[in-house]
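Atoms within each ligand, like the ligands themselves, are counted from 1 in listed order.
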Amino acid sequence: MDHFQYRDGVLHAEDLPLSAIADAVGTPVYIYSRATLERHARTFAQALSILPRVHIAFAIKANPNLAVLRLMRREGFGADVVSGGELARALAAGMPAQDIVFSGVGKTHAEMIQGLEAGIGQFNLESEEEGIELAAIAAARGQTAHCALRVNPDVDARTHAKISTGKAENKFGVPIDRAVEIYTRLAALPGLDMRGVAVHIGSQLVELEPFEIAFEKVGALIADLRAAGQSVTHADLGGGLGIPYKAGEVFRTPAEYAMMVARVTKDWDVTLMFEPGRVICGNAGVLLTRVIRVKRSSNQAPFVVVDAAMNDLARPAMYGAWHDFDAVEPRGEKMTAHIVGPICETGDTFAMNREIDAVATGDLAVFRSAGAYGATMASSYNSRGFVAEVMVDGDKWAVVADRIEPAAISAAERVPNWLD
Ligand code: LLP
């Protein structure tokens with residue numbers, strides 16, 4: 001359930017008509033609902049409260065906006081970060097370092113130092129090589145890095161290939177059948193406190209079964225590690241829970257997910273960690289756009305050209321992802337159209353032959369479910385700027401990220417004098 005609903009024929013974010021934001025900030029603009037973010041965070045946390053010891057680290061890659069992070073902090077969430085930039089954001093948003101987990105296959109030397117300096121709670125190691133490097137840095141600084149070993153369980157997440165992470169051929173984690181050996185060697189190194197295992201098999205999972213298969217394997221691994229004399233006090237089960245992108249779709253709920261986790265992990269005796277991203281913020285945001293014109297040609301559906309493009313919302317171009325498209329003030333008629341942005345490549349297509357609210361030049365419309373992996377994946381392709389972001393709270397609202405104009409981007413560029 002989200003707080004983007006029609007009132008008197010006008011789409012609102014909470015108590016605010018979206019047209020008011022378009023008038024004040026222009027389009028395209030991402031709009032987040034405070035109440036929806038909060039509701040999703042609470043639903044997720046509440047579902048997991050049936051488990052004995054839980055730590056939730058919001059996967060900030062899904063939406064790293066500082067206002068969103070501050071809200072997550074208010075809900076008691078920590079952060080899952082994958083770069084020095086994300087780590088800095090988490091700290092800037094007031095996340096205690098202890099509640100931060102650093103994931104990712106390519107942590108650099110500098111990022112490891114940054115994590116140690118901040119005193120983050122856990123590094124999720126993705127290879128033995130990474131563990132050896134981190135051990136040396138930590139030991140030289142007289143510190144101990146608390147770590148989990150991310151394993152690759154070789155499980156098909158049954159999601160889009162580009163966002164599957166738990167198959168043997170994916171770059172993530174160490175092969176689960178080598179995990180005891182690698183964990184044991186890393187645990188012997190000064191500078192490291194190997195305290196657990198981590199797994200994340202992919203994103204936008206619409207079934208619970210792949211999670212369950214992966215978690216069963218992790219349970220067996222924990223038993224093997226303990227049998228080998230290793231200590232395991234934490235298990236990070238990653239993120240990945242999918243969300244509905246089409247009106248009327250019904251998915252597995254956080255409560256069902258939590259019950260499955262409770263069943264599979266009942267004998268683990270660990271602190272369970274979670275890294276949800278999309279399930280918290282995906283349906284808490286829309287991308288508001290304006291129709292530039294409707295281009296009609298003789299023998300096919302018209303092109304609705306909107307002022308948002310693949311640089312603002314990359315998911316349709318990148319993954320063929322579906323985002324519902326709704327007029328802000330629907331007239332009650334429908335049309336079948338292709339929805340495209342202004343960018344000069346055919347990939348800049350949001351939908352083909354889609355039945356949508358009939359729209360005309362100047363109309364406002366939204367792409368729904370754009371709160372996760374939306375603004376954060378934007379680029380400035382075609383010398384378009386970076387889109388603004390707004391957060392609504394009841395009938396108040398605030399710009400939480402300024403629009404970055406093309407001129408501000410080109411201001412960072414230099415023409416060397418030897419080109420004169
Ligand atoms: N933990 C790790 C280690 C991850 O790699 C990810 C997402 C998450 C947690 C959060 O997953 P979530 O709960 O959001 O599914 N750009 C793609 C999604 C990429 C996901 C990458 N990793 C998209 O737009 O669909």
Sorted by chain and number, sequence neighbours left out, salt bridge (Lys or Arg N to Asp or Glu O under 4.0 Å) with Asp193 holds for none
Do Phe325 and Phe350 have ring centroids that are under 6.0 Å from one another?
-> no
Those residues at least two apart in sequence (or on a different chain) that pass side-chain contact (heavy atoms from CB on, under 4.5 Å) with Glu329 are Val10, Ser19
Under a 3.5 Å threshold, I'd like every N/O contact between ligand 1 and protein atoms, with atom names and distance.
| unit_1 | atom_1 | unit_2 | atom_2 | d |
| --- | --- | --- | --- | --- |
| ligand 1 | 1 (N) | Asp80 | OD2 | 3.4 |
| ligand 1 | 1 (N) | Glu275 | OE1 | 2.6 |
| ligand 1 | 13 (O) | Gly240 | N | 2.8 |
| ligand 1 | 13 (O) | Gly277 | N | 2.9 |
| ligand 1 | 14 (O) | Arg278 | N | 2.8 |
| ligand 1 | 14 (O) | Tyr373 | OH | 2.6 |
| ligand 1 | 15 (O) | Ser203 | OG | 2.4 |
| ligand 1 | 15 (O) | Gly240 | N | 3.3 |
| ligand 1 | 16 (N) | Tyr319 | OH | 2.8 |
| ligand 1 | 24 (O) | Arg315 | NE | 2.6 |
| ligand 1 | 25 (O) | Arg278 | NH1 | 3.2 |
| ligand 1 | 25 (O) | Arg278 | NH2 | 2.9 |
| ligand 1 | 25 (O) | Arg315 | NE | 3.3 |
| ligand 1 | 25 (O) | Arg315 | NH2 | 3.0 |

For the residue pair Leu237 and Val199, establish whether any side-chain heavy-atom pair is separated by less than 4.5 Å.
yes
Residues passing the ring pair (Phe, Tyr, Trp, His ring centres under 6.0 Å) test with Phe386, sequence neighbours excluded, are none
N-O pairing of Asp154 and Lys217 below 4.0 Å = no
